[in-house]
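The structure appears right after this line, and notes come after that.
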Amino acid sequence: MKEKWYVTTKKADFQAIGERFGIDPVTARIIRNRDIIGEEAIKAYLSDSPKALHDPHLLKDADKGAVLLTEKISTQKKIRIIGDYDIDGVNACYILYTGLTACGAKADYAIPDRMLDGYGLHKRMIQQAMQDGIDTILTCDNGIAALDEIAYAKECGLTVIITDHHEVPFSSGKAQGEKTYHVPCADAVINPKQPDCSYPYKGLCGAAVAWKLIQVLYEQMGIPIEESFAMVAHVAFATVGDVMELTGENRLLVKLGLEAVHRTQNPGLLALIEQNQLQKTQIKAWHFGFVLGPCINASGRLDTAIRSLQLLMETSIEKASVYARELVELNSRRKELTQKGIDQAVQMIEEHGMDQDKIMVVYLPQCHESIAGIIAGRIRENYHKPVFVLTDAQDGGVKGSGRSIEAYSMYEEMTKCADLMTKFGGHPMAAGLSMEKENIESFRTRLNADTSLVEDDFIEKIKIDVPMPLHYIRTQLIREFECLEPHGKGNEKPVFAVRDVHPICGSIVGKNKNVLKLVLEDGAGGKIDAVFFGDITALLDFLREKFSDSQVQALLHGKPQKIKFSITYDPSINTYLDKEQVQVIIRHYC
């Protein structure tokens, strides 16, 4: 895959910003590169005060929904929470159930089965609610696209409250850019993405929207709003796990949530952390996204998401440990299935020349439909193109998931061929769909025919925050960079670069010989240890092609050679036998 490196050159008085906020000019430059401009914005970025969170009453229909729930609670009407089977839906369900029961509600919950039901609210679930004597359906992380289902629920006499964060369905008008939005006929619709919602931050996850509703409900019920912060760890867990932008309010929610995790006594969270050989005080956003989160998602993929919800609600640490162990085992199985699917997809792409398509549509009939999205994400990483992975569904059609690149708004582009799909929904960067098998080729053809993507969109852009010489790296500065966390989508780890480093010596180490250790010097007085955890063979082949095999052999045997190359890197502190040493982790090279 091609890469294009460029330095972000946004202007500001970094020296003055550093002096005002007591930070290094390099840190000030990174903050400016995140488009944080002005004293108030910088202060908010560095803050971890809950007072900086937006007023939940600004969410359209939040007050209306809370009043409705208060009435249902006072009359002991049955309320059913209908969630989703992913990490966002599970945590949102946990938040609503915990909040409602704290208010004395007669509440229960249901989560659709990924294989039997698919995503979101279904007629079968509404009929089941009627049979169970349910008065009110409260959705979380779904509902905004369930126009027909909610209309049916209303015909059945049910009260329906939607909490969601997905895009509001729309149809395109005759004029360019004209959109007609279609909002379900629920009694209250709480979703910041509604065009007429005045909430200032539109990027909340489903669990955050649910939490905001509970905050308003607590006020209605006379419960101190501070008590809602017992659930903020779950808001953070869902925000990172659902790959939301870590900007603005989301970033603060994750900050507060991580602090809460470090103090948590929730048996489910503690057990899941322990089963992954971690300690709660070392949990960062990365662990939410890549260690703990996949375990929560695994149950919804291969079994039932109710398992994950039971884990979060469990009060016994012994039982929680059993649940957590089962989830870790399910995730291991999911990893195996995923790798098998990735291998099959790559083989198909290469054999059929599908990598020449601008939008790749890969049909894997035998693939477990629950991992189609993960496979699509990995293929997207490999080729840096929008990817849909489709697989056979139980109803005889096909289901699939898509993952996109920044230049391609996936949900919006899918609306152009909505007639080919029986159901679809999602975000600019990810989507899900169902269609008849005979429409697959037409779907591929039309997506590619209608796209405005150009070749430059398929080149991965490596944005360098600071070209920083090695001698500038210090322990104190690395520790200061912690104020930039939590990192994730929209607030990525800063990227540093240095040109023409010379490796004095190198060796391949590790139990599986999968780590390359180097000692680098940059010609400007900087000398530092470096490690590379990527494809060592590819890196050495690159150096052989650029220099020679004899030069590479000299490097690996600690002998003089004339190798020089450029790198992007992460500065880090390596602690060994209680001694700290600065090192860099090589990310890219050229």
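In this text, all values refer to a predicted model and were calculated from it rather than measured experimentally. Residues take their numbers from the sequence shown, with the count starting at 1.
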**Prompt:** So, Glu314 side chain and Pro267 main chain: donor-acceptor pair closer than 3.5 Å or not?
**Reply:** no
**Prompt:** Is it true that Phe443 and Phe388 have ring centroids separated by less than 6.0 Å?
**Reply:** yes
**Test side chain to side chain donor-acceptor pair (under 3.5 Å) applied to Thr159 and Lys77, Lys154, Lys72, the passing residue** = Lys72
**Request:** Evaluate the criterion ring-ring contact (aromatic ring centres under 6.0 Å, His included) for residue pair His182 and Phe170; output intermediate values, then yes/no.
**Result:** CA-CA 6 Å; His182 308 289; Phe170 66 85; 8.4 Å; no
**Item:** Sole candidate of Arg32, Lys10, Arg34 that passes side chain to side chain donor-acceptor pair (under 3.5 Å) when paired with Asp465
**Value:** Arg34
**Request:** Go through the steps for Lys399 and Glu369 under the test salt bridge (charged side-chain N to carboxylate O under 4.0 Å, His left out), then give the verdict.
**Result:** CA-CA 7 Å; Lys399 286 185 178 179; Glu369 68 181 58; 3.4 Å; yes
**Request:** Among Thr136, Thr139, Asp108, find the one that has a side chain to side chain donor-acceptor pair (under 3.5 Å) with Arg80.
**Result:** Asp108
**Message:** Any non-hydrogen side-chain atom of Glu485 less than 4.5 Å from a side-chain atom of Leu258?
**Reply:** no
**Item:** Minimum-distance pair of heavy atoms, taken over all atoms of Ala207 and Val235
**Value:** O-CG2, 4.2 Å
**Request:** Would you mind reporting whether Val189 and Lys60 have side-chain heavy atoms less than 4.5 Å apart?
**Result:** no
**Request:** Quick one: sort the Phe424 and Tyr411 rings into parallel, tilted or perpendicular, breaks at 30° and 60°.
**Result:** tilted
**Asked** Can the positive tip of Arg251 be found less than 6.0 Å from the middle of the six-membered ring of Tyr45, inside 45° of the ring normal?
**Response** yes
**Message:** To the closest 0.5 Å, what do you measure between CD1 (Ile111) and CD1 (Ile306)?
**Reply:** 4.0 Å
**Request:** Give a yes or no on whether the ring-centroid distance for Trp211 and Phe229 is below 6.0 angstrom.
**Result:** yes
**Ion pair Glu40/Lys43, N-O distance below 4.0 Å** = no
**Request:** Taking all heavy atoms of Gly490 and all of Thr247, pick out the closest pair and write down the distance.
**Result:** O-CG2, 3.6 Å
